Amino acid sequence: MRTRTPSALTGPAQPGPAWAGSTLTRPTLTRLGAVVLASVTAVVSWLCVPTARAATDTPTTAPTVTDQAIIESIREIDPAAAIRPIDVERSVVTLRTERRDGSGVVLTISSDVLFAFDSANLTKAAREQLDGIAAQLGRVTGTITVNGYTDSTGTPAYNVILSQQRANAVANLLRPKAPPGVLVSATGHGAANPVAPNTNSDGSDNSAGRGQNRRVSIIYRTS
């Protein structure tokens with residue numbers, strides 16, 4: 001039997017597949033290919049899904065406000081209903097009054113003029129007021145009585161103490177200017193003997209009334 005040898009026409013023998021001489025079989029390579037394909041698919045999906053989602057998202061836009069909506073949102077103001085009338089007689093607090101009964105004189109001065117809030121120290125305006133009163137004491141006889149009063153704000157005990165301190169402050173200023181032999185006494189009465197209601201009939205605060213009750217009265221007689 002004759003054997004056939006490679007010739008120049010046929011060329012050298014061609015090598016077989018790479019797996020032909022190895023231990024890898026076709027089923028094994030098939031499984032490896034499936035694993036690689038699944039991995040590539042997962043990577044491509046991970047990269048492409050956010051981009052696709054971003055491309056499909058609709059951008060949020062601000063709502064459009066029409067001119068009609070703006071016009072309807074404007075409310076008209078009724079000036080007559082917005083303005084409240086002021087009761088001048090109740091709002092104005094008299095700073096000083098003088099009442100005479102024969103030879104007797106009662107001077108009443110608002111504590112808001114004489115003292116700062118919650119204080120028994122005389123203000124500059126108070127000293128000017130009292131200097132003018134002291135000039136009228138030349139013909140005084142007997143005793144000059146100084147009474148201090150507060151409104152109903154605070155405890156009764158505190159109001160008595162504050163009104164006493166305020167009466168003392170006024171008396172101490174008048175005492176050196178009183179005629180010889182004339183005594184000057186001072187008494188604090190707290191919120192007693194109010195000359196106006198501290199509250200309104202509906203229970204609300206009556207600031208004008210409280211202002212009238214915060215006072216110092218000076219009582220004396222002349223010859």
Side-chain angles (χ1 to χ4, degrees), residues 84-223:
R84 296 182 179 180
I86 298 176
D87 188 343
V88 177
E89 293 183 359
R90 296 181 58 187
S91 301
V92 176
V93 177
T94 304
L95 301 181
R96 174 178 170 177
T97 61
E98 181 175 335
R99 187 178 76 252
R100 293 180 176 269
D101 182 11
S103 60
V105 179
V106 179
L107 288 174
T108 302
I109 307 174
S110 171
S111 292
D112 295 346
V113 173
L114 299 175
F115 309 98
F117 175 76
D118 201 29
S119 172
N121 297 321
L122 292 167
T123 64
K124 180 180 179 181
R127 296 181 181 278
E128 294 175 354
Q129 287 273 347
L130 295 174
D131 285 341
I133 294 173
Q136 304 175 15
L137 302 180
R139 298 174 56 189
V140 171
T141 60
T143 300
I144 299 174
T145 303
V146 180
N147 294 315
Y149 300 92
T150 67
D151 59 23
S152 60
T153 304
T155 64
Y158 180 79
N159 288 337
V160 169
I161 293 173
L162 179 61
S163 62
Q164 182 65 58
Q165 292 174 342
R166 289 179 168 179
N168 288 340
V170 174
N172 290 339
L173 191 145
L174 295 178
R175 193 171 286 117
K177 302 176 181 180
V182 173
L183 300 177
V184 180
S185 66
T187 305
H189 301 273
N193 306 323
V195 296
N198 290 289
T199 58
N200 297 313
S201 57
D202 60 357
S204 60
D205 178 65
N206 182 6
S207 58
R210 289 192 297 103
Q212 294 179 53
N213 292 328
R214 296 189 298 267
R215 67 196 190 279
V216 172
S217 65
I218 304 171
I219 304 172
Y220 59 90
R221 288 188 174 274
T222 58
S223 55

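Everything quoted here is computed from the prediction, not taken from an experiment.
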A.B. asks: With side chain to side chain contact (heavy atoms under 4.5 Å, CB included) as the criterion, how do T145 and T187 come out once you've worked through the C-alpha distance, each side chain's angles and the decisive distance to 0.1 Å?
C.D. replies: CA-CA 8 Å; T145 303; T187 305; 5.5 Å; no
A.B. asks: Kindly state each residue pair satisfying side-chain hydrogen bond (donor to acceptor under 3.5 Å, both in side chains) with at least one member in residues 163-184, sequence neighbours excluded.
C.D. replies: D131-K177, Q164-N168, N172-R175
A.B. asks: Sorted by first residue and then second, give each ring-ring contact (aromatic ring centres under 6.0 Å, His included) pair with at least one member in residues 116-146; sequence neighbours left out.
C.D. replies: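 Counting only pairs at least two positions apart or across chains, no ring-ring contact (aromatic ring centres under 6.0 Å, His included) contact touches residues 116-146.
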A.B. asks: Suppose the criterion is ring-ring contact (aromatic ring centres under 6.0 Å, His included): which pairs have a residue in residues 151-183, not counting sequence neighbours?
C.D. replies: none
A.B. asks: Just wondering, do T108 and Q212 contact through their side chains at under 4.5 Å, heavy atoms?
C.D. replies: no
A.B. asks: Do I133 and I109 pass the side chain to side chain contact (heavy atoms under 4.5 Å, CB included) test, and can you show the C-alpha distance, the side-chain angles, and the key distance before you say yes or no?
C.D. replies: CA-CA 11 Å; I133 294 173; I109 307 174; 3.4 Å; yes
A.B. asks: With a cut-off of 6.0 Å (strictly less than), are more than 12 heavy atoms of other residues, nucleotides or ligands near CG of D101?
C.D. replies: no
A.B. asks: Tell me every residue that passes side-chain hydrogen bond (donor to acceptor under 3.5 Å, both in side chains) with Q136, counting only those two or more places apart in sequence or in another chain.
C.D. replies: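 side-chain hydrogen bond (donor to acceptor under 3.5 Å, both in side chains) list for Q136, sorted by chain: empty.
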A.B. asks: Would you please name every residue forming a side chain to side chain contact (heavy atoms under 4.5 Å, CB included) with V182, sequence neighbours left out?
C.D. replies: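 Once residues adjacent in sequence are excluded, the partners of V182 under the side chain to side chain contact (heavy atoms under 4.5 Å, CB included) criterion are V140, I144, A178, P179.
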A.B. asks: According to the ring-ring contact (aromatic ring centres under 6.0 Å, His included) rule, which pairs have a member within residues 189-223, sequence neighbours left out?
C.D. replies: Y149-H189
A.B. asks: What is the minimum heavy-atom distance between D205 and S207, and which atoms define it?
C.D. replies: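 Nearest pair, atom of D205 first, then S207: OD2-N, 3.5 Å.
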A.B. asks: Quick one: pull up CG in L107 and CD1 in I219 and give me the separation to the nearest 0.5 Å.
C.D. replies: 9.5 Å
A.B. asks: Can you sort out the partners of R214 under side-chain hydrogen bond (donor to acceptor under 3.5 Å, both in side chains), two or more places apart, ordered by chain and number?
C.D. replies: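 In terms of side-chain hydrogen bond (donor to acceptor under 3.5 Å, both in side chains), with neighbours along the sequence ignored, R214 is linked to D112, D151.
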A.B. asks: Looking only at heavy atoms, which two atoms of G211 and S110 are closest? And how far apart?
C.D. replies: O-OG, 4.1 Å
A.B. asks: Checking S204 now: which residues fulfil side-chain hydrogen bond (donor to acceptor under 3.5 Å, both in side chains) with it, not counting sequence neighbours?
C.D. replies: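 Scan of S204 (side-chain hydrogen bond (donor to acceptor under 3.5 Å, both in side chains), adjacent residues dropped) gives N200, D202.
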A.B. asks: Please identify each residue that fulfils side chain to side chain contact (heavy atoms under 4.5 Å, CB included) with A116, with sequence neighbours left out.
C.D. replies: S119
A.B. asks: Take L122 and Q129 through the side chain to side chain contact (heavy atoms under 4.5 Å, CB included) test and state the conclusion after the steps.
C.D. replies: CA-CA 10 Å; L122 292 167; Q129 287 273 347; over 6 Å; no
A.B. asks: Minimum heavy-atom separation for T123 to V113, with atom names?
C.D. replies: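 The pair with the smallest heavy-atom distance is OG1-O, 2.8 Å.
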A.B. asks: Testing the basics here: between T150 and N159, what is the closest heavy-atom pair and its distance to 0.1 Å?
C.D. replies: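 Scanning both residues completely, I find the closest heavy atoms to be OG1-CB, 3.2 Å.
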A.B. asks: P197 and N206: which non-hydrogen atoms are nearest, and at how many Å?
C.D. replies: O-ND2, 2.9 Å
A.B. asks: Please list, chain by chain and in numerical order, all residues satisfying side-chain hydrogen bond (donor to acceptor under 3.5 Å, both in side chains) with R221, sequence neighbours excluded.
C.D. replies: S103
A.B. asks: How many angstroms lie between atom CG of L114 and atom CZ of R215, to the nearest 0.5 angstrom?
C.D. replies: 12.5 Å
A.B. asks: How far apart are the closest heavy atoms of N213 and A196, and which atoms are they?
C.D. replies: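 Closest approach of N213 to A196: ND2-O, 2.8 Å.
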